[in-house]
Amino acid sequence: VEQIVEVPVPMTQEEIVQVPKIVQQTRQRQVAVEQYVDIHVPHQREEIVHVPKIIQQRRVQQQMVEQIVEVPIPMTQEEIVHVPKIIQQTRHRHIEIEQIVDIHVPHQQEEIVHVPKIIQQERIQQQ
């Protein structure tokens, strides 16, 4: 009898790995140094100055002048005025008055009345 058996075979696999290269370098170290130096700086200061402006004007000279003015004086004047005389009179006034008066008025009404008619009949009695 023939048997087939699978047996795993070890296989090699290739892998590319990059290896860094070490290079020697000199290290530089920087140190900051603070220095305070006083330097004379010239200062300027602005200032607003108001200068008055000179304007030339004409000179006016005043002289006193005497002036005579005629002022009218109120005068009284007579005048005859007729004033009406007031006379008292009696006045008659007429006023109309509306009066509403209820007066009883007899009313008549017609009515049809049925009256039975009487007819005379003889009665015969049987014995």
Side-chain angles (χ1 to χ4, degrees):
V1 176
E2 197 180 309
Q3 278 189 344
I4 298 177
V5 177
E6 289 189 20
V7 179
V9 179
M11 293 178 63
T12 61
Q13 189 176 12
E14 193 175 314
E15 185 177 345
I16 298 174
V17 178
Q18 293 184 356
V19 179
K21 184 178 175 186
I22 298 175
V23 177
Q24 293 271 338
Q25 289 184 345
T26 60
R27 179 174 278 187
Q28 293 182 359
R29 188 171 166 200
Q30 293 182 351
V31 178
V33 178
E34 286 188 28
Q35 270 188 331
Y36 293 103
V37 179
D38 285 340
I39 299 173
H40 177 68
V41 178
H43 294 284
Q44 291 182 354
R45 185 173 165 196
E46 285 189 20
E47 185 177 341
I48 297 174
V49 179
H50 296 288
V51 180
K53 186 175 178 183
I54 299 173
I55 301 172
Q56 289 204 357
Q57 291 182 343
R58 230 180 59 181
R59 180 175 280 190
V60 177
Q61 239 178 359
Q62 294 183 357
Q63 289 183 348
M64 297 295 289
V65 177
E66 188 176 324
Q67 193 174 11
I68 298 173
V69 179
E70 290 187 19
V71 179
I73 300 172
M75 295 173 63
T76 60
Q77 188 176 8
E78 248 183 63
E79 186 179 349
I80 297 174
V81 179
H82 295 289
V83 179
K85 185 176 177 184
I86 298 173
I87 300 172
Q88 292 280 336
Q89 290 182 347
T90 59
R91 178 173 273 184
H92 298 293
R93 290 179 62 186
H94 297 285
I95 302 173
E96 287 189 24
I97 299 175
E98 182 181 339
Q99 277 188 331
I100 299 174
V101 179
D102 284 341
I103 300 174
H104 181 68
V105 178
H107 296 285
Q108 292 182 1
Q109 188 175 17
E110 275 190 30
E111 187 178 337
I112 298 174
V113 178
H114 295 289
V115 180
K117 188 174 178 186
I118 299 174
I119 301 172
Q120 286 199 359
Q121 290 181 349
E122 280 186 35
R123 266 194 185 181
I124 300 173
Q125 283 186 356
Q126 293 184 3
Q127 289 184 349

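Worth saying up front: this structure is predicted, and the values here are computed from it rather than measured. Throughout, numbering of the chain's residues begins at 1 and tracks the sequence.
The hydrophobic cluster containing Val5 also includes Val7, under a criterion of side-chain heavy atoms closer than 4.5 Å among ILVMFWY residues, counted directly or through chains of members. The hydrophobic cluster containing Val115, built from Ile/Leu/Val/Met/Phe/Trp/Tyr side-chain heavy atoms closer than 4.5 Å, also comprises Val113.
Take Gln35 and apply the side chain to side chain donor-acceptor pair (under 3.5 Å) test, not counting sequence neighbours, and it matches no residue. Residues that satisfy the side-chain contact (heavy atoms from CB on, under 4.5 Å) test with Val33, not counting sequence neighbours, are absent from this structure.
For residues 57-72, there are no side chain to side chain donor-acceptor pair (under 3.5 Å) pairs, not counting sequence neighbours. Applying the side chain to side chain donor-acceptor pair (under 3.5 Å) test to residues at least two apart or on different chains, none of the pairs has a partner in residues 78-105.
The structure places CZ of Arg45 at 6.0 Å from CD of Glu47, a figure rounded to the nearest 0.5 Å.
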